[in-house]
Amino acid sequence: MPSFHHGDVEIAYLDEGDGDPIVLVHGFASTKNVNWVYPTWVSELRKDGRRVIALDNRGHGESAKLYDAADYSIPIMSGDIVALMDHLKIDRADVMGYSLGGRMAAWLGLNAPERLRSAILGGIGIAMIEGGGPGENVALALEAPSLDDITDPMGRTFRAFADQTRSDRLALAACLRGSRGLMTEEESSGIGVPVLIAVGTNDEVAGSAQALGRIIPDSEVLDIPGRDHMRAVGDKVYKTGVLDFLSRRK
């Protein structure tokens, strides 16, 4: 798997296919493979004639593991995306992020709109502004000796997922504590690229997609019927909606 260095931090990535580039940014405690390869996103986007780039976020997958929360702010993590695009000599790309990755894509849409053709915010709604979702309860669950020691339901869910993906749990706890910064409503209204907001209708982590859509100009909302936060990623409605959205960005 190829990698590059952003400063001292090694970032692993994949780069497949030809055509208009799209960068895929996975969610917290996931990896590029779990979020994008196994649910066939990479193959579907390649079939659609696109060059697909996906990175392992710092602290995740095959990328460097860091244990200081200060290394995981949204601006720093979003900077890894820009650095990867620079490394690959890509001036502009569509960027699709899920959950934490969606928050990173939104940050770029506000702070580096010249690098984005569009931002697809999967698995993140009004929680991007109002908070909610995994917090200190999940960080403590990641640091617990075993799953049996955890009683918090959300903590158990994320701990089980981290164990399933064989993640570095202490790096994830640092990431969670460092990446909790929220966007303000004013900042969200300043996002300067076309946006698609795609959230499962049973997602209790992301918050309302419609509420976020009313704030971000030039945004569309895609409901993913009957899916929760963990199960929306590979849904056919999600994929079809994204391909349609991208087809109208040409």
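Computed from a predicted model, the values in this text were never measured in an experiment.
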Please tell me whether [X] and [Y] are part of a single hydrophobic cluster in this structure, the criterion being side-chain heavy atoms less than 4.5 Å apart.
X: Tyr72; Y: Val82; value: yes
X: Met230; Y: Leu142; value: yes
X: Met77; Y: Val9; value: yes

At their closest point, which heavy atom of [X] faces which heavy atom of [Y], and how far apart are they?
X: Leu176; Y: Arg180; answer: O-CG, 2.9 Å
X: Ala209; Y: Ile197; answer: CB-CG2, 3.8 Å
X: Ile191; Y: Ile216; answer: CD1-CD1, 3.9 Å
X: Ser99; Y: Ile124; answer: O-CB, 4.1 Å
X: Lys32; Y: Met1; answer: CE-SD, 3.6 Å
X: Leu116; Y: Ala105; answer: CD2-O, 3.9 Å

What I'd like to find out is whether the side chain of [X] reaches to under 4.5 Å of the side chain of [Y], using heavy atoms alone.
X: Ser3; Y: Glu62; answer: no
X: Arg115; Y: Asp86; answer: yes
X: Leu45; Y: Leu243; answer: yes
X: Ser167; Y: His60; answer: no
X: Val205; Y: Pro134; answer: yes
X: Asp80; Y: Met104; answer: no
X: Ile11; Y: Ser63; answer: yes
X: Ile81; Y: Leu108; answer: yes

Straight-line distance of [X] [atom1] to [Y] [atom2], nearest 0.5 Å:
X: Trp107; Y: Met128; atom1: CH2; atom2: CE; answer: 13.0 Å
X: Phe245; Y: Met96; atom1: CZ; atom2: CE; answer: 11.0 Å
X: Arg156; Y: Asn137; atom1: CZ; atom2: CG; answer: 13.5 Å
X: Leu196; Y: Ser118; atom1: CG; atom2: OG; answer: 8.0 Å
X: Ser219; Y: Ile120; atom1: OG; atom2: CD1; answer: 13.0 Å
X: Asp235; Y: Leu222; atom1: CG; atom2: CG; answer: 9.0 Å

(message) Could you tell me if Thr31 and Asp56 have a donor-acceptor pair between their side chains, going purely by distance under 3.5 Å?
(response)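 No donor-acceptor contact under 3.5 Å links the two side chains.
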Does the [X] side chain pair with the main chain of [Y], one donor and one acceptor, at a distance under 3.5 Å?
X: Ser78; Y: Pro75; answer: no
X: Thr240; Y: Val237; answer: no
X: Asp152; Y: Gly155; answer: yes
X: Asp228; Y: Glu204; answer: no
X: Arg159; Y: Glu143; answer: no
X: Arg58; Y: Asp71; answer: yes
X: Asp223; Y: Pro225; answer: no
X: Thr165; Y: Phe161; answer: yes
X: Arg103; Y: Ser179; answer: yes
X: Ser73; Y: Gly178; answer: no

If you count heavy atoms of other groups shown closer than 6.0 angstrom to [atom1] of [X], is the number above 12?
X: Glu186; atom1: CD; value: no
X: Asp218; atom1: CG; value: yes
X: Glu136; atom1: CD; value: yes
X: Asp68; atom1: CG; value: yes

(message) Once you measure the plane-to-plane angle for Phe4 and His87, does it fall in the parallel (<30°), tilted (30-60°) or perpendicular (>60°) bin?
(response)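 Ring orientation of Phe4 relative to His87: parallel.
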(request) Using the side chain to side chain contact (heavy atoms under 4.5 Å, CB included) rule, take Glu220 and Arg248 through it: C-alpha gap first, then chi angles, then the decisive distance, then the call. (result) CA-CA 12 Å; Glu220 302 176 25; Arg248 293 182 279 112; 2.9 Å; yes
(message) For Ile215 and Ile126: C-alpha separation, side-chain torsions, deciding distance, then whether side chain to side chain contact (heavy atoms under 4.5 Å, CB included) applies.
(response) CA-CA 9 Å; Ile215 294 169; Ile126 198 65; 3.7 Å; yes
(request) May I have all residue pairs that pass ring pair (Phe, Tyr, Trp, His ring centres under 6.0 Å) and include part of residues 171-199, sequence neighbours excluded? (result)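 For residues 171-199: none.
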(request) Step by step, work out the side chain to side chain contact (heavy atoms under 4.5 Å, CB included) result for Leu246 and Arg50. (result) CA-CA 10 Å; Leu246 291 172; Arg50 300 186 182 276; 3.5 Å; yes
(message) Which Ile, Leu, Val, Met, Phe, Trp or Tyr residues join Ile150 in one cluster when any pair of side-chain heavy atoms under 4.5 Å counts as a link?
(response)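 Other cluster members: Leu147.
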(request) Supply the members, apart from Leu170, of the Ile/Leu/Val/Met/Phe/Trp/Tyr cluster built from side-chain contacts under 4.5 Å; use none for a lone residue. (result)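 Joined to Leu170, directly or through intermediates: Tyr67.
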(request) Could you name each residue pair satisfying salt bridge (Lys or Arg N to Asp or Glu O under 4.0 Å) that touches residues 165-176, not counting sequence neighbours? (result)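 Sorted result for residues 165-176: Asp163-Arg169.
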(request) List the steps, then state whether side chain to side chain contact (heavy atoms under 4.5 Å, CB included) holds for Phe28 with Val138. (result) CA-CA 11 Å; Phe28 173 72; Val138 173; 4.2 Å; yes
In a table with atom names and distances, give each donor-acceptor pair under 3.5 Å that connects a side chain of residues 33-42 to protein atoms at least two apart or in another chain.
from  : atom 1 : to     : atom 2 : distance (Å)
Asn35 : OD1    : Gly27  : N      : 2.8
Thr40 : OG1    : Lys239 : NZ     : 2.7
Trp41 : NE1    : Val233 : O      : 2.7

(message) Applying side-chain contact (heavy atoms from CB on, under 4.5 Å), can you list everything that pairs with Ile90, at least two apart in sequence or on another chain?
(response)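 Residues passing side-chain contact (heavy atoms from CB on, under 4.5 Å) with Ile90: Pro21, Arg51, Ile53, Met85, Leu88, Ala93.
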